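Here's the structure we're looking at; comments come further down.
Everything numeric in this text was worked out from a predicted model, so none of it was measured. First the proteins, then the strands, lettered A, B, ... as listed; each starts at 1.
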There are 2 protein chains.
Amino acid sequence: MGGDRRGSAAKEQAIARGLDRLREVLRARNLKMSSVREAIARAALAYEGHFRVDDLVRYLHASGVREAHMATVYRSLPLMIEAGLIQPALVPNGDGQVYEASFERERHDHLRCTGCGLVVEYKSETLEALQREIAARHGFELEEQVHELRGRCRKCRRAGASTPPPGSRRSRARTAERSPR
Amino acid sequence: MGGDRRGSAAKEQAIARGLDRLREVLRARNLKMSSVREAIARAALAYEGHFRVDDLVRYLHASGVREAHMATVYRSLPLMIEAGLIQPALVPNGDGQVYEASFERERHDHLRCTGCGLVVEYKSETLEALQREIAARHGFELEEQVHELRGRCRKCRRAGASTPPPGSRRSRARTAERSPR
DNA sequence: CTAACTGCAAACCATTTGCATCATT
DNA sequence: AATGATGCAAATGGTTTGCAGTTAG
């Protein structure tokens, strides 16, 4: 299953900072830290790429945390989001929300191939500036932006028909983080 | 409930064109038009503002179509989308997809107030051009874009605290179509 | 006539919640 | 000790599906 690779010192430290951040949020609300909570947060911070709740649970089980229950993970999601550890990643396509670690990582948006499901991250200063401007023009103070572009990637266009391959639902598509330029 | 206002001739004709468009899609797939199907499409085209499946069903009932079943509406959604009659409007927040008529209407995106739920439409050529450019840069042929900005509207910022009012889920928020500039 | 469509009820599935019990502060 | 956190199972709620009967082409 997913791999808990070597714990590069840097990454381990980032995780430690993330956990501290979470503790702050908890303290601020008179909530408690717990071993399960910590394991979940640790897993979320360490997870490479996008994940769903059940992915995280599997990862936890694989990591030796025997009883990490779905319900518990669900209950900790809002806290981790508030602490800035994770973020919803893609616009849900019917099969559950996908998250990604966001702690000490810069904002980015996604391009998604409607053919093979490939996801590419990109970042555009121009885009963000434009979004702020649009919000301001309408009297809004921007808090969050959802931006996802969909189309056919090079490979799918070259290879294929104009319609996405049939019967390909819940395709745990491959992800290519970071891309050209 | 929702109002089926006077049938301005222009609107009635647009609906007729929409239905023709739907017939084309149906014919192309060897599917059949039916009275129920037509009533559903008609309702979707006539509906003012955003709606959910159950809104449409209520609207249909109110319009005298006694047995317009949810399942049937669900089954016709993909067809209506393919025919370009409707489109998913907002990014689902947990409580079901929201649609809006899109036939012979120009693309637009939404700004959503995290305080009161107010939704404002806006349109930006610059933004669309930028999106196409980003897609192209990554070898994608753009097919669709999801873009939603969230923040606090003028009124909410003036009026209020920094956190959205508690316990305000499934708020059928008011919508202000079309806005300044 | 045949293939699609429709109502209805049951099935699905991601997410939420109630409750008794365990752990942190 | 007191208040939260957790596992588990049951409840939710939007959406999908199987089936038997109806209807369009």
Side-chain angles (χ1 to χ4, degrees), chain A residues 19 22-43 50-58 60-61 65-83 86 88-99 167 169-172, chain B residues 19 22-41 43 50-58 60-61 65-82 86 88-99 167 169-172:
Chain A
L19 292 176
L22 179 57
R23 284 196 194 87
E24 285 174 34
V25 169
L26 294 173
R27 193 168 322 122
R29 310 185 152 233
N30 285 32
L31 299 182
K32 297 167 181 171
M33 180 52 118
S34 76
S35 54
V36 179
R37 206 103 99 177
E38 179 174 327
I40 292 173
R42 215 177 259 286
H50 299 156
F51 59 86
R52 299 161 196 246
V53 171
D54 54 301
D55 291 319
L56 206 51
V57 170
R58 266 193 291 282
L60 282 159
H61 285 172
V65 185
R66 47 240 154 159
E67 297 291 21
H69 229 268
M70 293 266 256
T72 309
V73 173
Y74 274 112
R75 282 190 271 236
S76 59
L77 287 176
L79 294 168
M80 296 196 289
I81 291 174
E82 185 182 337
I86 63 171
L90 268 30
V91 175
N93 249 188
D95 26 79
Q97 181 64 61
V98 175
Y99 300 89
R169 284 198 64 195
R170 201 168 224 294
S171 50
R172 216 79 155 216
Chain B
L19 292 177
L22 179 57
R23 284 194 194 90
E24 285 174 35
V25 170
L26 294 173
R27 191 168 323 122
R29 307 187 153 232
N30 284 34
L31 299 182
K32 297 168 179 169
M33 179 51 117
S34 77
S35 55
V36 180
R37 206 103 102 176
E38 179 174 327
I40 293 172
H50 299 156
F51 58 87
R52 301 160 194 250
V53 172
D54 54 301
D55 291 320
L56 207 49
V57 171
R58 264 193 291 282
L60 281 159
H61 285 172
V65 185
R66 49 242 154 155
E67 297 292 19
H69 229 269
M70 293 265 259
T72 308
V73 173
Y74 273 112
R75 283 190 271 235
S76 60
L77 287 177
L79 294 168
M80 295 196 290
I81 291 173
E82 185 182 339
I86 62 171
L90 269 31
V91 175
N93 250 188
D95 26 79
Q97 181 65 62
V98 175
Y99 300 89
R169 285 196 64 195
R170 200 166 225 293
S171 49
R172 218 76 157 223

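Looking at A:Val65 and A:Val36, their side chains never come closer than 4.5 Å, going by heavy atoms from C-beta outward.
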For residues 23-31 of chain A, dump all side-chain donor-acceptor pairs below 3.5 Å to protein atoms at least two apart in sequence or in another chain.
from	atom 1	to	atom 2	distance (Å)
A:Arg23	NH1	A:Asp20	OD1	2.9
A:Glu24	OE1	A:Arg21	NH1	3.4
A:Arg29	NE	A:Glu82	OE1	3.2
A:Arg29	NH2	A:Glu82	OE1	2.8

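The nearest pair of heavy atoms linking B:Pro88 to B:Gln97 is CB-NE2, 3.4 Å. Taking each heavy atom of A:Ser76 and A:Arg37 in turn, the nearest pair found is CB-CD, 4.4 Å.
Following rounding to the nearest Å, A:Arg66 (CZ) and D:dT6 (P) show an atom-to-atom distance of 14 Å. If you take CG of B:Asp95 and C1' of D:dT12, they are 13 Å apart, rounded to a whole angstrom. Separating the CE atom of A:Met70 from the C1' atom of D:dA11 is a distance of 16 Å, rounded to the nearest angstrom. A straight line from CG of B:Asn30 to C1' of D:dG25 spans 10 Å, rounded to a whole angstrom. Rounded to an integer number of Å, the gap from CD of B:Gln97 to P of D:dG14 is 13 Å. Note: NE2 (B:His61) to P (C:dT6) measures 14 Å, nearest angstrom. The nearest whole Å value for the distance from the CG atom in B:Asp54 to the P atom in D:dT15 is 8 Å. Whole-Å rounding puts the A:Leu79 CG to D:dA5 P distance at 8 Å.
Taking 4.0 angstrom as the limit, B:Tyr74 places a side-chain polar atom (N or O) nearer than this to OP1 or OP2 of D:dT15. For B:His69, no side-chain nitrogen or oxygen approaches OP1 or OP2 of C:dT6 to under 4.0 Å.
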Got a list of protein N/O to nucleotides 19-22 of chain D N/O distances below 3.5 Å?
none

Full working for side chain to side chain contact (heavy atoms under 4.5 Å, CB included) between A:Ile81 and A:Tyr99: CA-CA 10 Å; A:Ile81 291 174; A:Tyr99 300 89; 4.0 Å; yes

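If you find the closest nucleotide of DNA chain C to B:Arg29 and to B:Ala71, the one lying nearer the 5' end belongs to B:Arg29.
Looking at residues two or more places apart in sequence or on another chain, you find a side-chain contact (heavy atoms from CB on, under 4.5 Å) between A:Ala41 and A:Leu19, A:Leu22, A:Met80, A:Leu85. For A:Val91, the side-chain contact (heavy atoms from CB on, under 4.5 Å) criterion is met by A:Val146, A:Glu148, A:Arg150, B:Val91, B:Val146, not counting sequence neighbours. Residues forming a side-chain contact (heavy atoms from CB on, under 4.5 Å) with A:Ala43 (at least two apart in sequence, or on another chain): A:Leu56, A:Tyr59, A:Leu60. Every residue two or more places apart in sequence or in another chain that forms a salt bridge (Lys or Arg N to Asp or Glu O under 4.0 Å) with A:Arg42 is listed here: A:Glu12, A:Glu38.
Heavy-atom distances under 4.0 Å link DNA chain C to A:Lys32, A:Met33 of residues 31-42 of chain A, given in residue order.
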